[in-house]
Amino acid sequence: MNYYIDSFFKNYSNFSGRCSRKYFWIVLLITILILSIVSLPYFHLKSGDIIQLVYSLFAGIVWLINIIPLISLFSRRVHDVDYSFWYILVPGFNLYILFLAFFFHGTDGPNNFGDEYSDLE
């Protein structure tokens, strides 16, 4: 949980630097869990009900709050495998970069995007 809290308060909009694979997966899985829990009741509410509208607004706000930290997290993880985050916009090549970022260890030592990270950034 410290990784998740750290991601939101220390690295909320930090698009530079690097993050480890462990840090990335912990924060990503906690975020997916939180967003799933927040979104689950939406499907059990009656359509057209005022409660569904209020809950939809609440869930939308929670999703929007998580967008910037997730993009920041992806950016730092892609930097760890020594690619610029802008390569994500290149069709086809973006799948290769995401595959590297999700499953492979980053470069050892300093790379173009900074020094090697500590265990908890």
Side-chain angles (χ1 to χ4, degrees):
M1 195 63 157
N2 287 339
Y3 288 105
Y4 183 76
I5 293 169
D6 182 58
S7 180
F8 270 87
F9 292 109
K10 185 178 175 189
N11 290 320
Y12 182 81
S13 61
N14 179 14
F15 293 91
S16 63
R18 301 163 60 180
C19 78
S20 68
R21 191 175 36 179
K22 176 183 173 185
Y23 180 92
F24 172 78
W25 278 108
I26 289 173
V27 174
L28 184 65
L29 292 175
I30 291 173
T31 303
I32 289 171
L33 179 68
I34 289 171
L35 293 177
S36 297
I37 290 170
V38 166
S39 299
L40 191 61
Y42 174 79
F43 298 106
H44 297 290
L45 296 173
K46 284 194 246 178
S47 181
D49 195 10
I50 190 72
I51 295 173
Q52 184 183 27
L53 177 64
V54 171
Y55 192 77
S56 298
L57 290 173
F58 171 73
I61 289 170
V62 170
W63 275 83
L64 286 174
I65 289 172
N66 281 281
I67 292 294
I68 293 174
L70 281 176
I71 293 172
S72 168
L73 180 72
F74 277 102
S75 173
R76 287 181 279 125
R77 183 63 198 138
V78 168
H79 288 169
D80 190 42
V81 292
D82 210 12
Y83 284 99
S84 173
F85 187 67
W86 292 108
Y87 285 121
I88 295 295
L89 300 175
V90 178
F93 192 61
N94 56 3
L95 298 175
Y96 169 72
I97 292 174
L98 288 176
F99 181 74
L100 286 177
F102 282 179
F103 301 112
F104 288 92
H105 179 70
T107 56
D108 292 326
N111 69 10
N112 294 330
F113 299 98
D115 294 332
E116 198 162 9
Y117 42 79
S118 60
D119 186 37
L120 181 60
E121 297 177 2

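Values reported hereafter were calculated over all heavy atoms of this structure, with side chains retained and with hydrogens, waters and symmetry mates removed.
Atoms CG and CG, from N66 and L35 in turn, are 4.5 Å apart once rounded to the nearest 0.5 Å. Residue L70 holds its CG atom at 12.0 Å from CD1 of I65, rounded to the nearest 0.5 Å. How far CG of L73 is from CG of N14: 10.5 Å, rounded to the nearest 0.5 Å. Taking OG from S75 and CD1 from I68, the interatomic distance works out to 13.0 Å, rounded to the nearest 0.5 Å.
Other residues, nucleotides and ligands contribute at most 12 non-hydrogen atoms within 6.0 Å of the CH2 atom of W63.
One hydrophobic cluster, built from ILVMFWY side chains closer than 4.5 Å, holds both I67 and I32. L64 and L28 are assigned to two separate hydrophobic clusters, defined by single-linkage of ILVMFWY side chains at heavy-atom distances under 4.5 Å. F74 and Y23 end up in the same hydrophobic cluster when Ile, Leu, Val, Met, Phe, Trp and Tyr side chains are linked at under 4.5 Å.
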Show your working on side-chain contact (heavy atoms from CB on, under 4.5 Å) between N112 and T107 and close with a plain yes or no. CA-CA 10 Å; N112 294 330; T107 56; over 6 Å; no
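Put simply, the residue from S16, C19, S20 that forms a side chain to side chain contact (heavy atoms under 4.5 Å, CB included) with R76 is C19.
Residues I71 and F15 share a closest heavy-atom pair of CG2-CE2, 3.6 Å. Looking at every heavy atom in both residues, R21 comes nearest to H105 through NH1-N, 3.6 Å.
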Would you tabulate the side-chain donor-acceptor contacts of residues 83-103 under 3.5 Å, counting partners in other chains and residues two or more places apart, or write 'none'?
{"unit_1": "S84", "atom_1": "OG", "unit_2": "W86", "atom_2": "N", "d": "3.3"}
{"unit_1": "N94", "atom_1": "OD1", "unit_2": "G92", "atom_2": "N", "d": "3.2"}
{"unit_1": "N94", "atom_1": "ND2", "unit_2": "I88", "atom_2": "O", "d": "3.1"}

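Side-chain contact between N111 and H79: absent, with no pair of heavy atoms (C-beta onward) separated by less than 4.5 Å.
Not a single donor-acceptor pair under 3.5 Å links the side chain of R18 to the backbone N or O of G106.
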